[in-house]
Amino acid sequence: MQLPLIRTSNESHPGGRSALTCRFRCGNACFHEAPNTSANPYVGDVIAGALSRRSIMRAAAVVTVAGAAGAGLASPVAASENSTTNSTTNSTTTRKPGTSKGARGLRFTAVAPNTADAVTVPDGYRQNVVIRWGEPILRGAPAFDPEKQTAAAQAGQFGYNNDFLALLPLPGERNKQILVANHEYTDEVLMFRGYDAANPTREQVEIAWAAHGLSAVVVEEDRRSGKLSAVSRHPLNRRVTATSEFRLTGPAAGSDLLKTSADPTGTKVLGTLNNCSGGTTPWGTTLHGEENFNQYFAGASRATDKRYGIGTAASERKWERFDKRFDVAQEPNEVHRFGYVVELDPYDPASTPRKHTALGRFKHEGATVRLTDDGRPVVYTGDDERFDYFYKFVGSKRMKKGSSRSVREHNLSLLDEGTLYVAKLTGDSPAIEIDGTGKLPADGEFDGSGEWIPLATATADGAVSHVEGMTADEVFVFTRLAGDKVGATKMDRPEDIEPNPHSGKVYVALTNNTNRGVGTNAPADEANPRNANKHGHILELTERRNRAESTKFAWTLFLVAGDPDDPATYFAGFPKDDVSPISCPDNVAFDPYGNLWISTDGAQLGYHDGLFGVATKGVRRGELKQFLTMPIGAETCGPIVQDRRVLVAVQHPGEISGASVEKPASTWPDGPGRIVRPSVVAVWRADGDDIGV
């Protein structure tokens, strides 16, 4: 029986986000012209001469991936206090966890769509808040006091709006792991009582600087209860903020395009901003994508700035009043030092994080890594903007095994040499069959072939551009323009891109694009088949000849999101009368069985965002079930799916238009009378068994 929908009429902007989210998270990007005004051909224009997807599929076998790349999925994690069980009234069937039908790993009672101000989990599962915004993690940091916040206190406390999560092993410390979290952006109206957006104080701005960035915090499992808790003041705990020192590495480091009055070397940067999703490397570090960095800068006037959505007026947070580096008119190159993939070594709190210029500069949603057969890194990353592109970097140096200082330093340089590519897709159906409604073409699938177009190659001796009219430095700093020039395919907001560690297939989450086919914007094509696409879809890539470094791939639309009653939706061919409705896929992860788990952002079906699991293989391929839902106003981030535990980041709870500290829209996680706080939540089975079996 199809799972029911719940409809509400909450105010939202295009793409489903609240006006408050659009304001603070991405600088109202949907209300500005899409920065990509290039005339690149859409998929339907380039069918002639296309490589048949089916010929590629016949040639491709299952891709084997180095087991180390899946380290984040391996062992069970630890647990903490304040556990709660959700009511069985949220269930929609009589199935019990461990006995209900479904693919292995997905045998739980699907949570019904809802608008509860809670994290709702399946019957028979437990949850707890692992860590909240403001909890002290460094020595000397005070307890959180929302009425007495200071920048110094926040610099030692867990940051705001947790997004990407990673768990790494901690050898020698039983039941403990290192949790790494991104802190994407700040919601000043939900942080400060009486906040005046037109006149923020210096203290408020400096608190916001300290609330951005990254946190590393050791967490410990209570083996008896399954709870996971943060270990405050552990020696490995760390905060990285908007004023921490970073090192620019790779081919563009030292370029004139990256030099400023404060840093004439072009190699040292203060801070990281708007870190969205990320990834964990096989050599034991974490990657963090700088996404909507443009909104923090003011006073832009150049065409290159416009292509990145950097405004000419004052910024929302007015940071330029307190530090001239955020004023493009005064420091024109400072903005070129953001928009990269950041690498952090969680095992060395004294290390300087790196910004890797070889992976290009754009609005990185994240960065995920797998290894080639001979041990070289391949990094996938998407540019989260309407009509922008997705990319792959293939390294030229091999990973070394071991933990010595020299080995670790070698591995930290792996992302500085190699070739950066952008994707170009071709559909295999006649353009007349792609009418913008989402109706399947005559062959029964949205599918085709694609190629990775080289943009530039970095070596130890220098870098070479493959884009006519652009130097290598320009390609790595103005990567969007390079993609424009080579005719990359305009996509519907490419977000998280991850290879399945079991099959090797690569999944691309395309969140939405309400501008698709509207006015003079690019029309629907086979890879983006719906005009005014408000629900998004997921692309599945099979790289040619079983090689991650291949420049050819086949693709198919694995999932076209929305209400299963809508004929425009598609669940990999699985019957739609027993799947959960889903809208706006954002971050993805894999469980130990190869199922794809999808977190959503801005769901447009009248209920809250959530986390979903979907089978990727076998007779149940396409079976999708909702595992949990978010509180009011919150987005599902993270996620981590292990054998006995799921972790999610509950980002921006209460972020509803008109909400403030004085008028909260949510009372999560601590109840009425307490300030709403973004937090990390752990979920496990009450009987201690594996998730979904």
Point to revise | Contacts of L138 that satisfy side chain to side chain contact (heavy atoms under 4.5 Å, CB included) - sequence neighbours left out | key: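 Checked L138 against side chain to side chain contact (heavy atoms under 4.5 Å, CB included); matches are N237, R239.
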Note to self: Holding to side chain to side chain contact (heavy atoms under 4.5 Å, CB included), I want the full list of residues that pass it with S232, two or more places apart in sequence or in another chain.
What the structure shows: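 S232 satisfies side chain to side chain contact (heavy atoms under 4.5 Å, CB included) with no other residue.
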I'd like to know whether the aromatic ring centres of [X] and [Y] sit less than 6.0 Å apart in this structure.
X: F362; Y: Y389; value: no
X: H502; Y: Y593; value: no
X: F627; Y: Y125; value: yes

Please determine whether a side-chain nitrogen of the Lys or Arg among D388 and K363 lies less than 4.0 Å from a carboxylate oxygen of the Asp or Glu.
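Result for this pair is no, no salt bridge flagged.
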*asked:* Do the side chains of R493 and E495 get close enough for a salt bridge, i.e. N-O under 4.0 angstrom?
replied: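 Looking at R493 and E495, the cut-off is met.
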Sequence neighbours left out, what passes salt bridge (Lys or Arg N to Asp or Glu O under 4.0 Å) with [X]? Give chain and number order.
X: D492; value: R516
X: E290; value: K355
X: D690; value: R644
X: E135; value: R132

Open item on the list: Which label fits F108 and W597: parallel for a plane angle under 30°, tilted from 30 to 60°, or perpendicular past 60°?
Closed with: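 Plane angle between 30° and 60°, so tilted.
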| task | Classify the angle between the aromatic ring planes of W319 and H212 as parallel (below 30°), tilted (30 to 60°) or perpendicular (above 60°). | result |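 W319 vs H212 ring planes: perpendicular.
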Point to revise | Aromatic F293 / basic R361 pairing, under 6.0 angstrom, 45° off normal | key: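 No, R361 does not sit over the ring of F293.
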Output the distance between atom SG (C637) and atom CE (M630), rounded to the nearest 0.5 Å.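 Separation between the atoms: 8.5 Å.
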